[in-house]
Protein chains: 2
Amino acid sequence: MSSTRDIDALIEMMAKLPGLGPRSARRAVLHLIRKRALQLTPLADLMQTVAATARECVNCGNVGTADVCDICTSEKRANGEICVVEDVADLWAMERAGVFKGRYHVLGGTLSALDAIGPQELRIPRLIDRVSSEGITEVILALNATIDGQTTAHYIADRLEGQVRLTSLAQGVPIGGELDYLDDGTISAAMRARKAL
Amino acid sequence: MSSTRDIDALIEMMAKLPGLGPRSARRAVLHLIRKRALQLTPLADLMQTVAATARECVNCGNVGTADVCDICTSEKRANGEICVVEDVADLWAMERAGVFKGRYHVLGGTLSALDAIGPQELRIPRLIDRVSSEGITEVILALNATIDGQTTAHYIADRLEGQVRLTSLAQGVPIGGELDYLDDGTISAAMRARKAL
């Protein structure tokens, strides 16, 4: 069907997005075609705008529309504390929780021998620079509780040892979590870190 | 964060697509921003093209880029048979199976008293017209095996009774299906329609 070439190409591109597959891409594209004036055109316009303006913050790696992001330039944020995360999505999750008022540093991944990702491939050298140049007193390692995440946290902790206070997020039972559904590792960690009532 | 307004708006629009939610929209948008030159710009361009060219076929309701779709105009397709489906996605599913070589008719939904969708809201009058004007001999009702789908099939069958041969898709055990995972209705239908070996 030659005249549906563009539609097929659009489905194929959408299907490659994380979280989507061929079936959900077809559904999404059909939905957009049905509402093309109200949704497809505005969505395409917005994508053009974002493609033209979005960039990574040269300081922390957050995503924004300026060379240095809002969080790095904000005067309302506390200086002296950096929260290190793997990915911008993790930074957004921290911001939704609204519990941290310092600055961030987005590594852009984790160390991985298998994928040949060393400190230079991440923003680790830049983090080391920031810790001395910005007068940082505490680095919170908010990396994922995976093998690669924890390896990366250990590497950074080694590099910064003695220069700043190093902390990591507490591990334990998630709020609302049921013990029966938790893995053994989480239960062990929560037990070891038990608190007096 | 004012300077991420467009990014937030893009996430919000993507989150409204069927099959996506806030979390998968955030992941998809971050992925697109990371690959903005290679993926976000081409995707936006393609969406603009599709928004400008895609339209519903005036004859059968299929989606394409011409007023009358490829399937309706194709000389390779058999005349005389119309396969009636609820949605363009169903038409695509039939085409992937590659087993039907006639024409299609996309209703655009099912009759639903609850949602006040009557025959006029669907393409049912146009189907009745086509059956007489195109010299149709068989109408295959390939509607979903849901209450609304079957109600619609019965309504169409009533309207076309005596004019054409009316058929519907066989019901039974899906290929590769395990009895243990099938609902009672499917097993009953398969049992009633059992075949001699």
Side-chain angles (χ1 to χ4, degrees), chain A residues 1-14 16-21 23-37 39-56 62-66 69-71 73-74 87-89 92-93 95 108, chain B residues 1-14 16-21 23-37 39-56 62-66 69-71 73-74 87-89 92-93 95 108:
Chain A
M1 281 184 280
S2 63
S3 80
T4 62
R5 205 183 52 231
D6 292 330
I7 298 174
D8 293 342
L10 181 56
I11 292 171
E12 209 174 297
M13 280 200 86
M14 295 279 288
K16 281 185 195 146
L17 293 179
L20 279 146
R23 190 162 184 283
S24 43
R26 282 196 296 269
R27 281 185 64 205
V29 168
L30 269 182
H31 171 88
L32 285 170
I33 289 177
R34 256 181 238 120
K35 317 213 163 177
R36 52 194 174 274
Q39 292 201 14
L40 186 51
T41 309
L43 183 59
D45 290 343
L46 204 48
M47 281 187 175
Q48 291 287 18
T49 312
V50 170
T53 59
R55 66 198 66 196
E56 277 99 35
N62 184 16
V63 155
T65 49
C69 77
D70 295 345
I71 295 179
T73 53
S74 169
D87 196 275
V88 177
W92 289 351
E95 284 295 284
Chain B
M1 283 184 280
S2 62
S3 81
T4 61
R5 206 183 50 231
D6 291 331
I7 299 173
D8 293 341
L10 181 56
I11 292 171
E12 208 174 298
M13 279 200 89
M14 294 280 287
K16 282 185 194 147
L17 292 179
L20 280 147
R23 190 163 185 283
S24 43
R26 282 194 297 268
R27 282 184 64 206
V29 168
L30 270 182
H31 170 89
L32 286 170
I33 289 176
R34 255 181 238 121
K35 316 213 163 179
R36 49 194 176 278
Q39 290 201 14
L40 187 52
T41 308
L43 183 58
D45 290 343
L46 205 47
M47 281 187 174
Q48 291 287 19
T49 311
V50 169
T53 58
R55 65 198 65 194
E56 275 99 36
N62 184 17
V63 154
T65 48
C69 77
D70 294 345
I71 296 178
T73 52
S74 168
D87 197 274
V88 177
W92 289 351
E95 284 296 283

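For the numbers below, each heavy atom of this structure counts, side chains included, while hydrogens, waters and symmetry mates do not. Naming: A, B, ... by sequence-line order, numbering from 1 per chain.
Using a 4.5 Å cut-off between heavy atoms, Arg23(A) makes no contact with chain B at all. In this structure, chain B has a heavy atom under 4.5 Å from the side chain of Asp87(A), while its backbone stays farther away. The part of Leu30(A) that comes within reach of chain B is its side chain, from C-beta onward, which places non-hydrogen atoms under 4.5 angstrom from that chain. Both the backbone and the side chain of Thr41(A) come within less than 4.5 Å of a heavy atom in chain B.
Side-chain N or O atoms of Arg27(A) include none that pairs as donor or acceptor with a backbone N or O of Ser24(A) at under 3.5 Å.
Looking only at side-chain heavy atoms (C-beta outward), Gln39(A) and Arg34(A) stay at 4.5 Å or farther from each other. Residues Lys16(B) and His31(A) form no side-chain contact, since every pair of their non-hydrogen atoms from C-beta on lies 4.5 Å or further apart.
Comparing Pro18(A), Ala9(A), Gly19(A) by how many heavy-atom pairs each has under 4.5 Å with chain B, the most go to Pro18(A). No other option in Ala28(A), Ala25(A), Gly108(A) has as many heavy-atom pairs under 4.5 Å with chain B as Ala28(A). Of the listed residues Thr49(A), Val29(A), Leu20(A), the one with more heavy-atom pairs under 4.5 angstrom with chain B than any other is Leu20(A).
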Pair Met47(B), Asp45(A) - check side-chain contact (heavy atoms from CB on, under 4.5 Å), show working. CA-CA 9 Å; Met47(B) 281 187 174; Asp45(A) 290 343; over 6 Å; no
For side-chain contact (heavy atoms from CB on, under 4.5 Å), just list the numbers for Trp92(A) and Ile11(B), CA-CA rounded to whole Å, side-chain angles, deciding distance to a tenth of an Å, and then say yes or no. CA-CA 12 Å; Trp92(A) 289 351; Ile11(B) 292 171; 3.6 Å; yes
side-chain contact (heavy atoms from CB on, under 4.5 Å) between Thr4(A) and Thr65(B): does it pass, once the steps are laid out? CA-CA 6 Å; Thr4(A) 62; Thr65(B) 48; 5.7 Å; no
